[in-house]
Amino acid sequence: MPELPEVETICRLLRQGSNNHPTLTGMRIRSADLLWERTLAEPTPLEFQHRLPGQQILDINRRGKFLVFRLTDDHLILHLRMSGDLVIEPQEAPIPAHHRLILYLQGEPLRLAFNDTRKFGRVWLTAHPNQVLGRLGPEPLEPSFTADHLYQRLQRTRRQIKPLLLDQSFLAGLGNIYTDEALHLAKIHPLTPANLINPERAEQLWSAIRHVLQEGIRRNGASIDWVYRGGDFQNYFRVYQRTGQPCPECGALIERTLVGQRGTHCCPVCQSLPALNLRKE
DNA sequence: CATCAACCCTGAGAGC
DNA sequence: TGCTCTCAGGGTTGAT
C-alpha cells in the first residue's frame, strides 16, 4: 500500500542517497533484467532492452503514487501498487524472491531492483510521460491545491466522499490508509455525498488531508503487513486497522465497514452522516 | 453520471 | 502437520 508518503519517502531516498548508497541522480543505466514480463506496461520487452541501456538518470520525482525517473531520452515511470518496493543493492548479491525488474548501473557495483510480491506493480518507459500521468488530479501538497479549490471540486459531484478521494483523477496520492485517517481527522463520514460538504467542512478536510500526508512523510511512511521500509507511521493510525479499539477523540469503538468495496474504518460518533432523509429536492 | 463486479496476484490466517 | 479456503489491496475495464 505505498501511498503518497511512502512513495515520497522512497523517492527522497533514491534522490538523496543514504549511508548505504550514493544518490542515483546522474548515474547511467548499463543494462536491465526483466524477470516478470507483465511488470512492463510499455514498450515491448525487446524495445525496452534496446532503448534503456546508456540512458542517464537526470532527475527523480514523484507524481501522485508514481515514481518518475527523467532519463536522457525517455521517462521511466513506476507504480508500486500493492506490494512494490525499490531497493538499491550490491550488483553481485543473490537475487531475492519477487524481484521483477533489475537495473544495473554504470560505474558503481550497484543495481536498482523493483521487488513486487503480488505482481500488481507496473513500469513504463516512454517519451510521453503525460500519456501515463496526464489524468491525475492535483497534488495535495502543492500550494496551488487550496481549500477553496477542493471545495469547488467537491461541489461538482454527488459521489460518496471516500471513493471520490481514492479516485486518482480527483486527487493524486491518497490510498485507503490516508483516506480513512483524513476523514476521521475531519470528522466526515465516508459515505457523505461530496456536494453536501460545505465550505467550512471542506476546509477541515483539506487541512486533514495535508496533515496526515505530511505526518506520513515525516514518519517515513507506514510499514504494514509484510512490506517493511523503515517507516513508523503505522504506530500513529487513528482509525486504520484499529477496528474495535477506542477512537482517540471520543473513546467510542472504531467500526469497520465496506465502502465502494474497500475496507473502511471510522468512528460511529465523531463521523456522522448528514441527515440525508431531511433533504428536499 | 454513479455504482458495481471482475480481474490481476500472493501469502497470511482461519478452519478442518 | 498439512491441506484448502478466503481475503486484502490499487487501478483498470466493462456492465448495469
Novice: Between P on B:dA2 and CG on A:Leu166, what's the gap in Å once rounded to a whole number?
Specialist: 16 Å
Novice: Quick one: are A:Asp59 and A:Val68 in side-chain contact, heavy atoms under 4.5 Å?
Specialist: no
Novice: Rounded to whole Å, please give me the gap between CG in A:Asp180 and C1' in C:dA8.
Specialist: 13 Å
Novice: State yes or no: are the ring centers of A:Trp124 and A:Phe66 separated by less than 6.0 Å?
Specialist: yes
Novice: Can you figure out which of B:dA5, C:dG9, B:dT3 approaches the side chain of A:Phe120 most closely?
Specialist: C:dG9
Novice: State, without any angle test, whether A:Asn115 and A:His99 hold a side-chain donor-acceptor pair at a distance under 3.5 Å.
Specialist: yes
Novice: Measure CZ/A:Arg100 against C1'/B:dT10 and give the value in whole Å, please.
Specialist: 9 Å
Novice: For the pair made of CZ in A:Arg38 and P in B:dT10, what is the distance, rounded to whole Å?
Specialist: 11 Å
Novice: Ignoring backbone atoms, establish whether A:Gln168 has a side-chain N or O less than 4.0 Å from OP1 or OP2 of C:dG10.
Specialist: no
Novice: For the pair made of CG in A:Leu136 and C1' in C:dG10, what is the distance, rounded to whole Å?
Specialist: 13 Å
Novice: Assuming nearest nucleotide by heavy-atom distance, tell me which of A:Phe66 and A:Gln261 is located more 5' along DNA chain C.
Specialist: A:Gln261
Novice: For A:Ile177 and C:dG9, what is the distance between atoms CD1 and P respectively, to the nearest whole Å?
Specialist: 8 Å
Novice: Whole angstrom is fine here: how far is it from NE2 in A:His98 over to P in B:dC8?
Specialist: 20 Å
Novice: Within the pair A:Arg256 and C:dA8, is there a side-chain N or O less than 4.0 Å away from OP1 or OP2?
Specialist: yes
Novice: On the side chain of A:Arg262, is there an atom forming a donor-acceptor pair with the base of C:dG9 - under 3.5 Å, no angle test?
Specialist: no
Novice: Given B:dC9, C:dG9, B:dA5, which nucleotide is nearest the side-chain atoms of A:Lys119?
Specialist: B:dC9
Novice: Does A:Tyr240 place a side-chain N or O at less than 4.0 Å from the phosphate oxygens OP1/OP2 of C:dA8?
Specialist: no
Novice: Between C:dG11 atom P and A:Asp116 atom CG, what is the distance in whole Å?
Specialist: 13 Å
Novice: Taking atom types as modelled and ignoring hydrogens, do the side chains of A:Lys162 and A:Thr264 form a donor-acceptor contact shorter than 3.5 angstrom?
Specialist: yes
Novice: Do A:Tyr178 and A:Phe237 have their ring centres less than 6.0 Å from each other?
Specialist: no
Novice: Identify which nucleotide among C:dG9, B:dA5, B:dT3 has an atom closest to any side-chain atom of A:Arg159, counting heavy atoms from C-beta outward.
Specialist: B:dT3
Novice: State which of B:dC9, C:dG11, C:dG9 makes the closest approach to the side chain of A:His79.
Specialist: C:dG11
Novice: Would you say A:Thr157 places a side-chain N or O within less than 4.0 Å of OP1 or OP2 belonging to B:dA2?
Specialist: yes
Novice: Measure from the side-chain heavy atoms of A:Arg81 and tell me the nearest of B:dC9, C:dT12, B:dT3.
Specialist: C:dT12
Novice: Looking for any heavy atom pair under 4.0 Å, which part of the strands does A:Arg156 touch: base, sugar-phosphate only, or nothing?
Specialist: nothing
